[in-house]
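To start, the structure under review is shown below, and the notes come after it.
Ligands are counted one by one from 1 in listed order, and the atoms in each one are counted from 1 as well. Quick note: numbers below take in every heavy atom, side chains included, and nothing from hydrogens, waters or symmetry partners.
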Amino acid sequence: MGNNVIINADVEKATINKNIYGHFAEHLGRGIYEGIWVGEDSPISNTNGIRNDVLEALKNLNIPVLRWPGGCFADEYHWKDGIGPRENRKRMINTHWGGVVENNHFGTHEFMMLCEMLETEPYICGNVGSGTVQEMSEWVEYMTFDGESPMANLRRENGRDEPWKLKYFGVGNENWGCGGNMRPEYYADLYRRYQTYVRNYGDNRIYKIAGGANVADYNWTEVLMKNAHWMMDGLSLHYYTIPGEFWTGKGSATDFPESEWFTTLKKALHMDTLITKHSTIMDKYDPTKRVGLIIDEWGTWYDPEPGTNPGFLYQQNTIRDALVAGIHFNIFHSHADRVQMANIAQTINVLQAMILTEGEKMLLTPTYHVFEMFKVHHDASLLSVESSFGKYELDGEVLPQVTVSASKDAEGKIHISLCNLDHQNQSDIEIDLRGIDISSATVSGRILTADKMNAHNTFEQPENVKPAEFTNVKKQEESLTVTLPPMSVVVLTVE
Ligand code: AHR
């Protein structure tokens, strides 16, 4: 079967919200502590306590939005424990994640400083599960109120005169589970109550995100939309790509057979069905698509690396994870009219991370490289694409061999992202570019690929998997012919 793509370069659909390239960093394992925060006295080179190597690497991703402090941690977090002189801050046990001491050295001021350094929008997740309405309301006042008030004064006492700009605020996390084990009807009522006191001070305007469904819990979305859609700007959805079963064995990050490669990618593709079905329910109550679907936790979840604290969720990251990331982005693009944000779980040392650290060493994962390569799609216009691809078959199961997406940026450059899921076979593709004269255009490309399914970067070989120039593309009169090697992610630019 031929592999054909038609790109209508003159048919621009929705804008690809750059926030779908967002991140999530929780107080979990070595994500914040060691991964980001080493403290001012650390021998590891840092700026105000934030490690410089990580900072530089993250800056290069142009992270648009960063979610913090959890996750499950958010519904146990009491923000006042994390302000004031660090030596006086409460030490607590991170009961959910590994039972380790949390010294609260990374709190609101440190997080906001990190966001300023990264030029990223903060997305704060408040505590509904074990916190009060007053606590949530005061946090917003502390961060955003400019005038004379108890919380604004406290912020000034702690060294920050000006309020911060805060756009994104989540009212709880996974309130069907670790965030309080609530029924949707109960959470919908709590959401309505808590969000009432998440106030807009001065010209700060908060985009309120309601805690959404787990995977295919469509009833959750139905109940939330029915009872509160006019009080929210976004509704979240969490879905992790887990090759095995959550409780009995998720599978290894690096030691897996071809059947697990296949299952992992099949499960990544399932994101498309989930978005379609949740969006259809949202359409019923919000036909103009005002409320964004916010996929604020996604990514691979494997068994933790042997020998590490199982509560730290530390896992390696291979070319398989790069494919999972590329597949997700192409799916998110195709739902650009509803998906306004997505946050990969999680930025450093946790689950599908961009960066792994070991003491002063740091490496960039294959997932990092996909985020970097796909930067060209940030806020670009999604182009209309029609495609037909051959099959990728294993043991009688079938997937499309390739996924594709295309966008046009503000300068008129066209970017085409392609993922070849097949671990054995290359894909020869003809891309017909309509609505544009490419006779004088130049085409360039970058590729991330490997010759083993579990190829990954280690602290000894940190550049084993990294992007390279892609040369297997030929320009014809009105089309491009492309050969994708097995297991590859390619981004082409036509300008
Ligand atoms: O990302 C790890 C955890 O997964 C988060 O804390 C929680 O929200 C989800 O279950």
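- Atoms of ligand 1 found under 4.0 Å from any heavy atom of Asn173, numbered from 1 in the order shown, are 8 (O).
- Under 4.0 Å from ligand 1, the heavy atoms of Glu297 that appear belong solely to its side chain.
- Less than 4.0 angstrom separates some heavy atom of Leu351 from each of these atoms of ligand 1: 1 (O), 2 (C).
- The aromatic ring centres of Tyr142 and His109 sit less than 6.0 Å apart.
- Heavy-atom proximity to Glu174, at under 4.0 Å, picks out these atoms of ligand 1: 7 (C), 8 (O), 9 (C), 10 (O).
- For the pairing with Tyr21, the ring pair (Phe, Tyr, Trp, His ring centres under 6.0 Å) check across Phe332, Tyr368, Phe329 returns one residue only, Phe329.
- Residue-level proximity to ligand 1 for Trp97 is carried by the side chain, the only part with a heavy atom below 4.0 angstrom.
- The heavy atom nearest to atom 1 (O) of ligand 1, considering only Trp301, Phe73, Tyr240, is found in Tyr240.
- For His238, no nitrogen or oxygen atom sits less than 3.5 Å from a nitrogen or oxygen atom of ligand 1, counting backbone and side chain alike.
- Between Tyr240 and the choices Lys267, Glu297, Lys250, the side chain to side chain donor-acceptor pair (under 3.5 Å) rule is met once, by Glu297.
- Residue pairs satisfying the disulfide bond (SG atoms under 2.5 Å apart) criterion with at least one member in residues 34-90, sequence neighbours excluded, are listed as follows: Cys72-Cys178.
- Every atom of ligand 1 with a heavy atom of Phe24 under 4.0 Å away is listed here by number and element: 1 (O).
- Residue pairs satisfying the salt bridge (Lys or Arg N to Asp or Glu O under 4.0 Å) criterion with at least one member in residues 215-226, sequence neighbours excluded, are listed as follows: Glu222-Lys284.
- A cation-pi arrangement is found for Arg30 relative to Tyr314, the charged atom lying closer than 6.0 Å to the ring centre and inside a 45° cone about the ring normal.
- Against a heavy-atom cut-off of under 4.0 Å, Glu26 is close to the following atoms of ligand 1: 1 (O), 2 (C), 5 (C), 6 (O).
- With a heavy-atom cut-off of 4.0 Å, Val350 does not touch ligand 1 at all.
- Each of the atoms 1 (O), 2 (C) of ligand 1 lies under 4.0 Å from some heavy atom of Gln346.
- The side-chain tip of Lys167 does not point at the ring of Phe169 from less than 6.0 angstrom away and within 45° of straight on.
- Aromatic pair His328/Trp298: ring centres closer than 6.0 Å.
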